[in-house]
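Note that these values count all heavy atoms, side chains included, but never hydrogens, waters or copies made by symmetry. When a ligand or atom number is given, it counts from 1 through the structure's own listing order.
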Amino acid sequence: ITYGRYVIVGFFTDEVGPQRWDDYFGVSTPQLSFQAMFNHAAAMRNGDDRKPGGALACFAGGAHADALFDLPDEEIMSRFAKDLLAVFPELEGKLGEGIVRRHRRVVPFWAPGRRNSLPPLRDPLGTIHFAGDYQLDLPSLADAATSGERAAKAVLA
Ligand SMILES: Cc1cc2nc3c(=O)[nH]c(=O)nc-3n(C[C@H](O)[C@H](O)[C@H](O)COP(=O)(O)OP(=O)(O)OC[C@H]3O[C@@H](n4cnc5c(N)ncnc54)[C@H](O)[C@@H]3O)c2cc1C
């Protein structure tokens, strides 16, 4: 199984009042050191009572992530902070220290023709049933949970 990679920097921010990104769950950021910024709180903000502060997560994936893995945290943080400020200059002085995470196995994917390795990976080994995001059709948390449920039922049966 080949896995997608991510290098992520999360920033706690200390802005006050409504901001341009409040309604955007994700912002595509091509040509920068990260390819997308996620603002997960957007899903919970409803327009009124915008509390101060927030949290923004900047994601570099694939080859972009590969090029970052071996750099020191400080270097990754400073590149991401610089690029985030290029998109939202009003965050100047409001970005807390970044939190760097390196994920070498995010979700599995297959080259053309390589999914034929899947059937043996799905087969139980005797009474041992496997579960994981690679087992079904669209690698995700949902598929991982479904495959876990299926494996548990098979074991019970
Ligand atoms: C940063 C990030 C963001 C993501 N975003 C999304 C998203 O938005 N939506 C989505 O659907 N999916 C997302 N995913 C993918 C999702 O998290 C995975 O598809 C899912 O967690 C896989 O579940 P799993 O049970 O197959 O494996 P895992 O959750 O990886 O569980 C495997 C477990 O096995 C343990 N383990 C490994 N080796 C051993 C060992 N030798 N002995 C004992 N235990 C061991 C590990 O510690 C781990 O707890 C994201 C993943 C990452 C990393």
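With a heavy-atom cut-off of 4.0 Å, A144 touches ligand 1 through its side chain alone. Of the heavy atoms in I8, only side-chain atoms (C-beta onward) come closer than 4.0 Å to ligand 1.
Within a 4.0 Å radius of atom 20 (C) of ligand 1, the protein has at least one heavy atom. At a distance under 4.0 Å, no protein heavy atom can be found next to atom 30 (O) of ligand 1. Checking atom 33 (C) of ligand 1 against the protein gives no heavy-atom contact under 4.0 Å. For atom 39 (C) of ligand 1, no protein heavy-atom neighbour is present inside the 4.0 Å cut-off. Counting only heavy atoms, the protein never gets under 4.0 Å from atom 48 (C) of ligand 1. Taking a distance limit of 4.0 Å, we find that atom 44 (N) of ligand 1 is approached by no protein heavy atom. Within a 4.0 Å radius of atom 11 (O) of ligand 1, the protein contributes at least one heavy atom. Counting only heavy atoms, the protein gets under 4.0 Å from atom 1 (C) of ligand 1.
To the nearest 0.5 angstrom, L84 atom CG is 16.0 Å from R79 atom CZ. If you take CZ on R105 and OH on Y3, they are separated by 5.5 Å, rounding to the nearest 0.5 Å.
The local environment of CZ in F69 is crowded, with over 12 non-hydrogen atoms from other residues, nucleotides or ligands closer than 6.0 Å. Residue-environment remark: CD (E97) stays at or below the threshold of 12 foreign heavy atoms within 6.0 Å.
Protein heavy atom at the shortest distance from atom 3 (C) of ligand 1 is Y6 CE1, 3.9 Å. In terms of protein heavy-atom proximity, atom 52 (C) of ligand 1 is nearest to V106 CG1, 3.6 Å. Nearest non-hydrogen protein atom to atom 9 (N) of ligand 1 is L141 CD1, 4.4 Å. Protein heavy atom nearest atom 53 (C) of ligand 1, with residue, atom name and distance: H103 ND1, 3.5 Å.
At under 3.5 Å, a nitrogen or oxygen of D133, whether backbone or side chain, sits near a nitrogen or oxygen of ligand 1.
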Determine, step by step, whether E15 and R20 satisfy the salt bridge (Lys or Arg N to Asp or Glu O under 4.0 Å) criterion, reporting the C-alpha distance in whole Å, the side-chain angles of both residues, the deciding distance to 0.1 Å, and the verdict. CA-CA 11 Å; E15 72 281 5; R20 284 195 288 155; over 6 Å; no

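Salt-bridge annotation for D73 and R102: present, with a side-chain N of the basic residue lying under 4.0 Å from a carboxylate O of the acidic one. Ion pairing between D14 and K94 fails under the 4.0 Å rule for side-chain N and carboxylate O.
Residue contact check: G132 has heavy atoms under 4.0 Å from atoms 26 (O) of ligand 1. The ligand atoms of ligand 1 that sit less than 4.0 angstrom from a heavy atom of V107 are 15 (C), 19 (O).
Exactly one residue among L118, N116, T2 makes a side-chain contact (heavy atoms from CB on, under 4.5 Å) with W110. That residue is L118.
For the pair T13 (side chain) and G53 (backbone), a donor-acceptor distance under 3.5 Å is absent.
Classified by interplanar angle (parallel below 30°, tilted 30° to 60°, perpendicular above 60°), the ring pair F59/F38 is perpendicular.
Taking the six-membered ring for Trp and the full ring otherwise, the centers of H64 and F34 sit at least 6.0 Å from each other.
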